[in-house]
Amino acid sequence: MPKYFSCEYIPTQPRTVYFKLARKYGVFIFGLFIMATGIALSIRADMGITPISSLPYVVSLGVPLTVGMLTILLHAGFLVIEFLLMPREFEAIQLLQLGAAVVFGVFIDLVLAGLVWLVPGSYPEQVLLVVASCVLLGIGICFEVAPNVLMMASEGMLTAAVRRFHVEFGTVKVLLDVGLVVLSVVLSLVMFSTVYGVREGTVIAAVLVGICVKLFKLPVYAIARRFIG
């Protein structure tokens, strides 16, 4: 098993083991869908996007690619960095992170298309959508992590950085979020001479998503365990 990548290999055991592993991946994919819905709500709120999605969103405004497509490309970049940080510990199974990114990106585009009708009519409605998006992101992250089968490429890159540079996970997570937001602002100014995608909603998400993860972790884990068996 890779030393820094959390993924369960498919063992040569009875059929029930395969079914259990399939249920675990089902929970993981469900988590990706909930996360994608949260990101789509933050975009529809038009009050600032979550840090991790700010760059794909800003770039999508100036190129003929969707937020989902650019999210896939961003995570592919994370996967490359992960390999460069820990080349000797990088194993082929970690390429599944790219598959997860593709599923995640497709979910984002599908949910955005389904929510095209959602246009908040007032500032309080925008705030409500941002809060709802943070709650869904927190729940989605819990469902993604609960089965312990796969990491998203962003998490894999951060975990590799922790092992490579011997720093706290929270520290590199903050650095990543700040870096993405700063880059988003710079690109937005260069491309449009104004700032898109980064507003008070971005700050709210940076604080509230982590709180929601802590609040929903135990109940979500309990639900996931009951489903997985």
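- You'll find the side chain of Phe28 stays beyond 4.5 Å of the side chain of Val103, heavy atoms only.
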Could you check Leu118 against Leu41 for side-chain contact (heavy atoms from CB on, under 4.5 Å), going step by step and ending with a plain yes or no?
CA-CA 9 Å; Leu118 184 59; Leu41 282 182; 3.6 Å; yes
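- Clustering ILVMFWY residues whenever any of their side-chain heavy atoms sit less than 4.5 angstrom apart, transitively, puts Ile29 in the very cluster that holds Val111.
- Leu112 is listed as a side-chain neighbour of Arg44, based on a closest heavy-atom distance under 4.5 Å.
- Counting all heavy atoms, side chain and backbone alike, Ser154 lies closest to Ile52 at CB-CD1, 4.3 Å.
- The two residues Ile72 and Gly105 come nearest to each other via the heavy atoms CG1-CA, 4.0 Å.
- Contact detail for Cys134 and Leu208: the closest heavy-atom pair is CB-CD2, 3.7 Å.
- Across all their heavy atoms, Ala100 and Leu150 have their closest contact at CB-CD2, 3.8 Å.
- Within the 4.5 Å cutoff, side-chain heavy atoms of Val145 are placed close to those of Tyr221.
- Of the listed residues (Ile108, Leu55, Val63), just one forms a side-chain contact (heavy atoms from CB on, under 4.5 Å) with Leu70, and that residue is Val63.
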Apply side-chain contact (heavy atoms from CB on, under 4.5 Å) to the pair Val185 and Val58, showing each step before the final yes or no.
CA-CA 8 Å; Val185 170; Val58 169; over 6 Å; no
Under 3.5 Å, side-chain donor or acceptor atoms of residues 189-200 against the rest of the protein: list the pairs with distances, not counting sequence neighbours.
| unit_1 | atom_1 | unit_2 | atom_2 | d |
| --- | --- | --- | --- | --- |
| Arg199 | NH1 | Asp46 | O | 3.0 |
| Glu200 | OE2 | Tyr123 | OH | 2.7 |

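- When atom types are taken as modelled, the side chain of Thr159 and the backbone of Glu155 share a donor-acceptor pair closer than 3.5 angstrom.
- Between the Thr202 side chain and the Thr50 main chain, no donor and acceptor come within less than 3.5 Å of each other.
- The distance from the CD1 atom of Ile39 to the CG atom of Leu137 is 5.5 Å, given to the nearest 0.5 Å.
- Contact check for His75 versus Met152: side-chain heavy atoms found under the 4.5 Å cut-off.
- Criterion: ILVMFWY side-chain heavy atoms under 4.5 Å apart, direct or through other members. Under it, Tyr57 and Leu65 are part of a common hydrophobic cluster.
- Note: the hydrophobic cluster containing Ile93 also contains Met157 (ILVMFWY, side chain heavy atoms under 4.5 Å, direct or indirect links).
- Here CG of Leu136 is found 11.0 Å from CZ of Phe143. Values are rounded to the nearest 0.5 Å.
- At least one donor-acceptor pair under 3.5 Å links the side chain of Ser54 to the backbone N or O of Pro51.
- The shortest heavy-atom contact between Asp109 and Gly68 is OD1-N, 2.8 Å.
- Between Arg163 and Leu85, the closest side-chain pair of non-hydrogen atoms is not below 4.5 Å.
- Applying the salt bridge (charged side-chain N to carboxylate O under 4.0 Å, His left out) criterion to Asp177, with sequence neighbours excluded, gives Lys173.
- Within the 3.5 Å criterion, the main-chain N or O of Leu32 finds no donor-acceptor partner in the side chain of Glu144.
- From Leu96, atom CG reaches atom CD of Glu91 across 12.0 Å, with rounding to the nearest 0.5 Å.
- The line from CG of Leu115 to CD1 of Ile43 is 10.0 Å long, rounded to the nearest 0.5 Å.
- Under the 4.5 Å side-chain heavy-atom criterion for ILVMFWY residues, no single connected hydrophobic cluster contains both Val181 and Leu183.
- When hydrophobic clusters are built by joining Ile, Leu, Val, Met, Phe, Trp and Tyr residues whose side-chain heavy atoms come closer than 4.5 Å, directly or via intermediates, Phe33 is grouped together with Phe104.
- To the nearest 0.5 Å, atom CD1 of residue Ile228 and atom CZ of residue Arg23 are 8.0 Å apart.
- The shortest distance between side-chain heavy atoms of Leu158 and Phe78 does not fall below 4.5 Å.
- The two residues Val130 and Ser133 make their nearest non-hydrogen contact at O-OG, 2.6 Å.
- Put simply, the side chain of Ile34 does not reach to within 4.5 Å of the side chain of Phe107, judged on heavy atoms.
- Atom CZ of Phe90 sits about 5.5 Å away from atom CD of Glu82, to the nearest 0.5 Å.
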